[in-house]
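All figures in this text were calculated on a predicted structure; none of them were measured in a lab. To find a chain, count down the sequence lines: A is the first, B the second, and so on, and within it residues start at 1.
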There are 2 protein chains.
Amino acid sequence: MIKKAKARRKAPPAPRKRRAAGHGGRGLSRERIAAVAMALVDRDGLAQFSTRRLGEELGCEAMSIYHHFPSKAHLMDALVDLMLAEAQVAMEPQWDWSERLRRAAHGFRAMALKHPAFFPFFAVHRLNTAAGVAYIDGIIGILRDAGFSNREAAVYFRELGYYLTGAALDETAGYARGPSSAEPVPDETIATNFKHLAAAAPYFQPAHFDATFETGLEILLAGIERSNQRQD
Amino acid sequence: MIKKAKARRKAPPAPRKRRAAGHGGRGLSRERIAAVAMALVDRDGLAQFSTRRLGEELGCEAMSIYHHFPSKAHLMDALVDLMLAEAQVAMEPQWDWSERLRRAAHGFRAMALKHPAFFPFFAVHRLNTAAGVAYIDGIIGILRDAGFSNREAAVYFRELGYYLTGAALDETAGYARGPSSAEPVPDETIATNFKHLAAAAPYFQPAHFDATFETGLEILLAGIERSNQRQD
DNA sequence: GAAGTAGAACTTACACTGTAAGGTTGGAGC
DNA sequence: GCTCCAACCTTACAGTGTAAGTTCTACTTC
């Protein structure tokens, strides 16, 4: 049943691109594919990312990737887990629980800002990968160690998560960063018709991101701390 | 230069689907296209939404949509503005500023929950459509009326927005709703390896969404209120 | 060395996507 | 009867993820 596949070709076989394939060479592997994919997303953005472009970058055909990942979704999972590996939950017991939460929050934000192009994907997907559930479990563990009930831990985990996700999303896909509307409202229109926004506009610049993030985080942590004192 | 276009056809011209085209008929219009598009996204989800599917639903060819919208991005803008039209900022002066913010927050959340399939798109796009800047301007206006400086208004607008976006995103694309990982961690693994998460899992169910949202919102509003008293 | 084998990579093809370019139609205004 | 034009349709193209089938290559085992 072997078809005359070769005979069908118009051009000569084209010498296959060399790859070492040995230990540590340029051969493919889950790790290398994921790392190159992340670099590609970082560089060109999510919208440009495709298996074919990734193949080019890896020096292989697109379909070779499927030998290592059953689908693009599986590859994206690997990128999510790469992200999470960078946002390790602070497990050091020398800090009290609120300081550990603060550090975890900063780690999360740093992770997002390190991969701003990928974060919007991260944000709209459930965190039920291996590294994802481990991450969640770690944060809840901090809250439980602090003496919060399971219900309280779940609630405060969520409220912090809401804030962290929204903040990271705004800094990576929001004002002046993410995909714009097809016909953005011109600045002149804002200046004349939306005085409040125009007046506050300077404070929407990236220079104010850090301070905004910090004060909001402190409001939340203080609110959680207050409820803790009331309980005990 | 008129080609023999007709002669090229294999099948007879196919009687054109009737559309009234008159006032109020089944003819196309920006409004009808946007409304049907939103209904389609609500029903089948963002991933299934395409111009061809929309054309089917409208009873026209995909390309006819382009007579009313220059690109799909423009159409998506219209959907964003449809969403915002449902989340009107509470302008009623009978409420004090914190109550107006609370009502705006509830309006935002209700909007997201009314179109859970579309919200993830909404969340990762800049809000620089016509309705978008008007919305932002309205919220900032509330804060300015309350006596906050431009800087404070920008900061608190953002912090509230972070929370609202994150909350809505989690309720529409998070736990048990949004796109899952390709190979989700099975429940048994969570039960055995991630005790904290397993114990808190019941409180992650939708039944707790309302209460979680409310308490977090109150923490933020109280924090903002406290800073206001300190200032004045 | 030769032969066999299994894994890794490649090739082709298909059903989708958004949309550029141009063709057709029916009705309004003269 | 004529022109004009908005509205809609047709075709085609470059891009996507990926199923299915094919070929190469390194590593055994004689």
Side-chain angles (χ1 to χ4, degrees), chain A residues 1-33 37 40 44-77 179 182, chain B residues 1-23 25-33 37 40 44-56 58-77 179 182:
Chain A
M1 273 300 115
I2 295 178
K3 309 273 197 61
K4 44 181 173 161
K6 206 132 192 180
R8 200 162 55 234
R9 277 208 204 99
K10 293 138 200 164
R16 192 177 284 210
K17 288 185 204 83
R18 273 270 47 74
R19 57 190 178 280
H23 45 297
R26 289 285 62 154
L28 297 183
S29 68
R30 285 179 60 93
E31 290 68 30
R32 187 165 93 88
I33 292 171
L40 191 54
D44 296 349
L46 256 185
Q48 313 302 322
F49 179 74
S50 76
T51 53
R52 283 172 174 78
R53 288 280 301 105
L54 177 56
E56 276 179 37
E57 209 71 12
L58 287 164
C60 73
E61 293 301 314
M63 288 309 291
S64 304
I65 296 161
Y66 284 78
H67 187 79
H68 302 266
F69 291 95
S71 77
K72 193 189 185 188
H74 285 80
L75 170 56
M76 298 311 264
D77 277 7
Chain B
M1 276 303 115
I2 294 178
K3 309 274 197 59
K4 45 181 172 162
K6 207 131 193 179
R8 199 164 55 232
R9 280 210 201 97
K10 292 137 199 163
R16 193 179 282 210
K17 286 187 206 82
R18 271 275 45 77
R19 57 192 177 275
H23 43 299
R26 289 286 60 155
L28 297 182
S29 68
R30 286 178 61 92
E31 290 69 29
R32 188 164 93 89
I33 292 172
L40 191 54
D44 296 348
L46 257 185
Q48 312 303 320
F49 179 72
S50 76
T51 53
R52 283 171 175 80
R53 287 281 301 106
L54 177 55
E56 275 180 36
L58 287 164
C60 73
E61 292 301 315
M63 287 310 290
S64 304
I65 296 162
Y66 284 78
H67 187 78
H68 302 268
F69 292 94
S71 77
K72 193 190 185 187
H74 284 81
L75 170 57
M76 298 310 265
D77 276 7

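The distance from atom CG of B:Leu54 to atom P of C:dC16 is 17 Å, rounded to the nearest whole Å. Put simply, CE on B:Met76 is 13 Å from C1' on C:dT17, counting in whole angstrom units. As a whole-Å value, the separation of B:Leu28 CG from D:dA6 C1' is 12 Å. Between the P atom of C:dC10 and the CG atom of A:Leu58 lies a distance of 10 Å, rounded to the nearest Å.
Side-chain atoms of A:Arg53 never come within 3.5 Å of backbone atoms of A:Leu40 as a donor-acceptor pair (strictly under, hydrogens ignored).
For D:dA7, the OP1/OP2 oxygens have no side-chain nitrogen or oxygen of B:Ser64 closer than 4.0 Å. Contact annotation: A:His67 side-chain N/O to C:dA9 OP1/OP2 distance is not under 4.0 Å. The side chain of B:His68 contributes no N or O atom lying less than 4.0 Å from OP1 or OP2 of D:dA6.
Residues A:His67 and A:Ser64 bring no donor and acceptor atom of their side chains to less than 3.5 Å of each other.
Heavy-atom distances to DNA chain C give each of A:Ser29 and B:Arg53 a nearest nucleotide, and the one nearer the 5′ end belongs to A:Ser29.
Side chain of A:Tyr66, nearest nucleotide from C:dC10, D:dG17, C:dG18: D:dG17. Of the candidate nucleotides C:dT17, C:dC10, D:dC9, C:dC10 has the atom lying nearest to any side-chain atom of A:Met63. Here the nucleotide nearest the side chain of A:Ser71, chosen from D:dC9, D:dT18, C:dG18, is D:dT18.
Applying the 3.5 Å distance criterion, the base of D:dG17 shares a donor-acceptor pair with the side chain of A:Arg52.
Going from atom CD1 of B:Ile65 over to atom CZ of B:Arg52 covers 10.0 Å, rounded to the nearest 0.5 Å. With rounding to the nearest 0.5 Å, the separation of CZ in A:Phe49 from NZ in A:Lys72 is 5.5 Å.
If you check every strand for non-hydrogen atoms under 4.0 Å, A:Thr51 touches a base.
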